[in-house]
Protein chains: 2
Amino acid sequence: MAKRSVSTRVRLSRETIVASAVALADAEGLEAVTIRRLAQEHGVTPMAMYWHFSDKDSLLDGLSDYLIASVAWPESSDAPWDEQLHGLLEAFLVALRPHPALAALALRRILVAEPGLRIAERVLDLLRQAGFATERAVEIGTFLLCSVITLVASDPTPAFPAGEDHAAMKRQKTAALGALPPETYPLVVAAAPALVNCRAQDGYFALNLDLLVQGVLGLSRG
Amino acid sequence: MAKRSVSTRVRLSRETIVASAVALADAEGLEAVTIRRLAQEHGVTPMAMYWHFSDKDSLLDGLSDYLIASVAWPESSDAPWDEQLHGLLEAFLVALRPHPALAALALRRILVAEPGLRIAERVLDLLRQAGFATERAVEIGTFLLCSVITLVASDPTPAFPAGEDHAAMKRQKTAALGALPPETYPLVVAAAPALVNCRAQDGYFALNLDLLVQGVLGLSRG
DNA sequence: ACCTGAACACCGTTCAAGT
DNA sequence: ACCTGAACACCGTTCAAGT
C-alpha cells in the first residue's frame, strides 16, 4: 500500500529518500528501513540508492540530520538558565517525539553539522551560566541530550506491530503483571497498567524533563 | 581466532550459548551476535541453535535475563530513601557497565522474571517512601532505569572497531571539533576532547547517577 | 533429546555496464 | 548524471530428516 505507483514516480533525491525512510520508520520501525525496501517503494533498483548515499550508514546520517534540523529553536529570552535549559531540552524532545523509532539516531550527527552544534553550544553555555566548569558541563550536557532521546525512544514497540497486535500485547503484559503474587510484588501488581502504558503518556515526558532539570539544579558546582 | 576447535566441543546449552553471545557482543558489538556466527563458534549447524532457543528474539531475552541476574542486590540498610535509591541504581549500573553493547537489552525482561521484578518493586517502594503517588512513582522509576541503561549504552562505538580504528576515529572527531570556528562555537571548540571522550570516563557515570537522584529529590510530590 | 541439510526470502554491497 | 543487472557474502527461519 505504501508502494508508489510508477506513474507518480518523481526524480530520486536525498530529500525524497529521507522523507520516505522517515515515513517507513514511523509506520513500521527502524528495522523496516532497508535499502531494498526504500528502492522498491520508489519503483527503482536497490543500487539506485547508492548514487544518492554512499552506503546505509550515510542514509542513517541523513535521517539524523533531518531529525536535528526539525528542532525549533526556542525564542531568545532573559529567563534564568534553568528555565532556558528546560525550554531547549523540550524543543529537542518535541522534535523527536513524532519519530520514536528514529530518536536514537539523533546523537550521531549532533556534533557534526550546524543546527546540532548550535544546540550543543547552547547547552554548554547554559551549564556554564549555572556555574559548572567546562568538563562537568560537557558530562552533564551529554547526558541530558542522551536522556531526552531515551525519554522518546523508550516507548516499547513504537507502532509497527500493527496497532491491533500492539494493543493486545499490552493487555497481555498487564494481565501477566496483575497475576503476580501480591505479597511479594504489591506495588508492581497494583501498578500493572501504569507500568505497561506510562511511556506512551504525555505526563511521562513532562515529569521526567522536569526531573532532569531539577537534577542539574541539585548538583554541586565545582 | 574466537572459533572453538572441535576437540574442545562441549555440549550445547542455553548457558553456553548465552555465554558465547555475551563474549561476542563485548568484543564486536551486538550486531555481531548472529545465530549463524554463534553456531560457527560452537562448531555446529545454525539450526542447532533452534533446539535451545525458539528464535533470535528468545536468544536476546536470554541475554537480557543474564544481565539482570548479574545485578548484585545491595545489602539492606536503614539509610534514607535517596541513598538507598542511589545504591540500587548504582548496582544496576555496575552490572551493565561491563557489557555496554548489551545494556539496551536489559529493559525487555525486567518486568518478567524474579530478579528484575524485585528491582522494579524496590524502586517503586523507595519512591513511595519519598512521597510519590503510585502513578508518578511508576513514571519516575521507569525513567530512572531507562536512564541508567542510557548512561551505559551511550558510549559510542563501544569496542568493535578494533581498538586501533576506534582510537583513530576519536582523534579525528576531536580534531574536527577543534577546527570549528571558535567565534561561533567557543565552548564546543574548547571542550572538544571532553566531548568525544567523556562517555567512557568514570566521572561521567558517578556525576550523572547523582544527577538522577538529585532530580528525584527536586521533584514536587503529589 | 539433540543435531544436520537443503531451501527460502530476505539483507548490504561491489563491479561493470547502460543511457 | 543517474540508473540497471548480475553476483557475492551475509542474515533468520521452515521443514523434513537423521541418530
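What you are looking at is a predicted structure, and each value in this text was computed from that prediction instead of being measured. Chain letters run A, B, ... following the sequence lines, proteins first, then strands; residues in each count from 1. Atoms considered below: every heavy atom in the structure, side chains included; atoms not considered: hydrogens, waters and symmetry mates.
- For the 3.5 Å distance criterion, the side chains of B:T16 and B:H42 fail to qualify, holding no donor opposite an acceptor.
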Using a cut-off of under 3.5 Å, enumerate the N/O to N/O pairs linking the protein to nucleotides 17-19 of chain C.
none

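- Between the side chain of B:E121 and the main chain of A:L187, a donor-acceptor pair closer than 3.5 Å is present.
- In this structure, B:R199 contributes its side chain and B:S154 its backbone to a donor-acceptor pair below 3.5 Å.
- Distance CG (B:L38) to C1' (D:dT13): 15 Å, rounded to an integer number of Å.
- Using a cutoff of 4.0 Å between basic side-chain nitrogens and carboxylate oxygens, A:D155 and A:R97 are not scored as salt-bridged.
- Checking the phosphate oxygens (OP1, OP2) of D:dC10, no side-chain nitrogen or oxygen of B:T34 falls inside 4.0 Å.
- Distance CG/A:L107 to CZ/A:R109: 12.5 Å, rounded to 0.5 Å.
- In DNA chain D, stems built from 3 or more consecutive Watson-Crick or G-U wobble pairs, each with both distances under 3.5 Å, span C:4-8 with D:12-16, C:12-16 with D:4-8.
- Annotation: side chain of B:D125 is in contact with side chain of B:R122 (closest heavy-atom distance under 4.5 Å).
- Rounded to the nearest 0.5 Å, atoms OG (A:S147) and CG (A:L209) are 10.0 Å apart.
- Between C:dA16 and D:dC2, the distance separating the two P atoms is 22 Å to the nearest Å.
- One distance of note links OG1 of B:T34 with NZ of B:K56; it measures 4.5 Å at 0.5 Å rounding.
- Regarding B:Q40, its CD atom lies at a distance of 8 Å from the P atom of D:dC11, rounded to whole Å.
- If you check C:dA7, D:dC2, D:dA7 against the side chain of A:R11, the one that comes closest is D:dC2.
- Computed from coordinates, the B:I17 CD1 to C:dC3 P distance equals 8 Å when rounded to whole Å.
- When all heavy atoms of B:A91 and B:P74 are compared, the pair lying nearest together is CB-CD, 4.2 Å.
- In this entry the distance linking CZ of A:R36 with C1' of D:dA9 reads 12 Å, nearest Å.
- Side-chain contact between A:L127 and A:V138: absent, with no pair of heavy atoms (C-beta onward) separated by less than 4.5 Å.
- Here the side chain of A:D61 pairs no donor or acceptor atom with the backbone of A:S64 at under 3.5 angstrom.
- Whole-Å rounding puts the A:I35 CD1 to D:dC11 P distance at 18 Å.
- Contact check of residues 47-66 of chain A against DNA chain D (heavy atom, cut-off under 4.0 Å) returns A:M47, A:A48, A:W51, A:H52.
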